[in-house]
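I have placed the structure first, in the form of structure tokens, so that the comments after it can refer back to it.
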Amino acid sequence: MSGPMHVAVAFDLGFVPWTVATMRSVAAAGIPPGGAVTWWLMPAPDVPAEVLAAVVEEGGRVGDPQVLRVPTELDELPLSSWRMMSSRISNAAYYRLLLPDLVPDSVDRMLWLDSDVMCTGDLTELWQTDLEGALLGAAVDIGSPTVGAATGIPGLDPTVGRLTKRSDYFNSGVLLMDLPRCRAAELSTRSLDYIRTNSGKLRFAVQDAMNVAVDDSWLRLDPRWNDMDFFRFEQELGAVDETRIIHFAGKKKPWQESFPDGPLRDRYLTYLPRTPDLTAAR
């Protein structure tokens with residue numbers, strides 16, 4: 001597949017350091033020598049111009065940074081009725097839903113990365129994956145592997161679409177998106193319709209909305225492209241040789257002092273920015 005790899009990230013002011021750490025890990029480990037990457041940066045309204053400029057400069061060190069402005073209406077949407085979820089996510093999580101509509105038609109596919117992932121190896125194979133006609137590629141969520149797990153998707157109508165309680169359920173932290181197919185399927189509109197319709201009972205808002213909108217038209221990626229079982233790496237460092245993206249899903253994050261010390265956290269901290277213009281975390 002010719003041309004650059006297209007990678008999208010979204011962030012509010014508090015998530016700037018973690019987003020930069022993700023970008024640095026991709027630049028260091030995910031892009032092969034001679035490879036090219038275009039960053040699609042989606043800042044929240046609270047990101048000051050000088051901080052955004054610093055993130056753009058960071059992207060320009062290895063790649064071509066592009067800024068996407070997201071409609072402010074997404075920042076007014078409810079997050080989750082579950083306190084444990086709403087306390088650790090921001091409305092920037094919704095921005096991925098608009099990628100098919102905001103990115104130029106000349107871009108056929110996009111790799112979305114959450115800001116709590118760390119790349120540990122070459123992403124070329126992932127980028128070149130044949131999606132076989134699916135809207136996107138994703139990994140099964142290890143915490144909620146089926147649509148019916150963890151109380152199930154709120155408001156799901158089993159008489160509409162192909163989803164059942166036994167259907168696989170994907171994690172939205174790493175997504176390889178076929179943008180033309182996503183546009184044709186009206187992924188953005190259908191996802192936002194779900195969120196607005198179920199605003200009083202949201203669970204994993206973005207993830208549930210995308211699973212409903214995609215309606216099982218997704219390619220199951222190998223877990224090494226979104227490995228959420230990260231704690232085993234402290235005991236089995238060899239596992240990193242196979243894994244390409246570690247996803248620090250859940251409450252414990254490697255930038256927190258409560259995260260276990262060890263080689264995994266040490267590796268992450270090498271990517272964490274130290275300069276004042278990129279350390280505005282709340």
Side-chain angles (χ1 to χ4, degrees), residues 1-9 22-23 25-27 29-40 63-64 66 68 96-114 117-142 145-147 161-164 166-188 190-191 206-207 209-229 239-247 249:
M1 188 173 296
S2 60
M5 185 183 301
H6 293 272
V7 181
V9 292
T22 293
M23 293 171 63
S25 72
V26 171
I31 309 301
V37 59
T38 298
W39 304 103
W40 296 91
D64 176 25
Q66 302 291 323
L68 290 176
R96 76 197 78 185
L97 300 179
L98 292 188
L99 277 170
D101 296 341
L102 294 180
V103 174
D105 291 347
S106 58
V107 180
D108 290 333
R109 63 171 46 195
M110 181 70 68
L111 177 60
W112 163 272
L113 297 177
D114 272 2
V117 309
M118 178 174 67
C119 178
T120 59
D122 193 340
L123 298 180
T124 302
E125 182 182 345
L126 171 62
W127 179 246
Q128 296 179 345
T129 297
D130 182 357
L131 291 177
E132 302 174 8
L135 301 188
L136 55 82
V140 172
D141 190 287
I142 65 170
T146 63
V147 166
R162 291 172 288 191
L163 292 182
T164 71
R166 294 185 294 275
S167 299
D168 290 339
Y169 178 89
F170 65 80
N171 180 276
S172 62
V174 177
L175 300 170
L176 183 62
M177 306 173 72
D178 184 320
L179 296 179
R181 290 186 183 277
C182 287
R183 294 186 193 104
E186 299 183 322
L187 176 66
S188 301
R190 294 179 63 195
S191 296
V206 175
Q207 206 158 268
M210 294 197 77
N211 271 272
V212 170
V214 169
D215 195 27
D216 209 35
S217 179
W218 58 285
L219 181 74
R220 280 64 171 165
L221 296 178
D222 188 280
R224 66 194 173 111
W225 302 116
N226 184 1
D227 200 325
M228 293 162 267
D229 191 18
V240 178
D241 294 337
E242 293 299 322
T243 289
R244 294 294 179 265
I245 300 176
I246 299 176
H247 186 184

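Basis for what follows: all heavy atoms, side chains included, without hydrogens, waters or symmetry-related copies. For the single chain, residues carry numbers from 1 onward in sequence order.
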Point to revise | Name of the residue among Leu176, Asp168, Leu131, Leu135 meeting side-chain contact (heavy atoms from CB on, under 4.5 Å) with Trp218 | key: Asp168

Point to revise | Non-hydrogen side-chain atoms of Arg96 and Met210 separated by less than 4.5 Å | key: yes

Review point. With a 4.5 Å heavy-atom cut-off, do Arg244 and Leu126 have their side chains touching?
Key: no

Exercise for review: Compare all side-chain heavy atoms of Trp40 with those of Leu102 and state whether any distance is below 4.5 angstrom.
Suggested key: no

**Study point:** Asn211 side chain vs Phe170 backbone, donor-acceptor pair below 3.5 Å
**Key:** yes

**Study point:** Donor-acceptor contact below 3.5 Å, side chain Thr146 vs main chain Arg166
**Key:** no

Practice item. Working to the nearest 0.5 Å, report the span between CE of Met5 and CG of Leu111. Key: 7.0 Å

Point to revise | Rounded distance (nearest 0.5 Å) linking atom CE of Met177 with atom CE of Met110 | key: 8.5 Å

Check your understanding: Can you find a side-chain donor-acceptor pair between Asp114 and Trp112 that sits under 3.5 Å?
Key -> yes

Check your understanding: Atom NE2 of His6 and atom CG of Asp108: how far apart are they, to the nearest 0.5 Å?
Key -> 8.5 Å

**Study point:** Main-chain N/O of Leu163 paired to Asp216 side chain as donor or acceptor, under 3.5 Å
**Key:** no

**Study point:** From Thr243 atom OG1 to Arg224 atom CZ, the distance as rounded to the nearest 0.5 Å
**Key:** 9.0 Å

Point to revise | Donor-acceptor pair, side chain of Arg220 and main chain of Val140, under 3.5 angstrom | key: no

Check your understanding: Which heavy atom in Thr120 sits nearest to a heavy atom in Ile245, and how many Å separate them?
Key -> OG1-N, 4.1 Å

Review point. For Arg162, does the CZ atom have more than 12 heavy-atom neighbours from other residues, nucleotides or ligands under 6.0 Å away?
Key: yes

**Study point:** Thr22, Thr38, Leu123, Leu113 screened by side-chain contact (heavy atoms from CB on, under 4.5 Å) with Val7, the one that passes
**Key:** Leu113

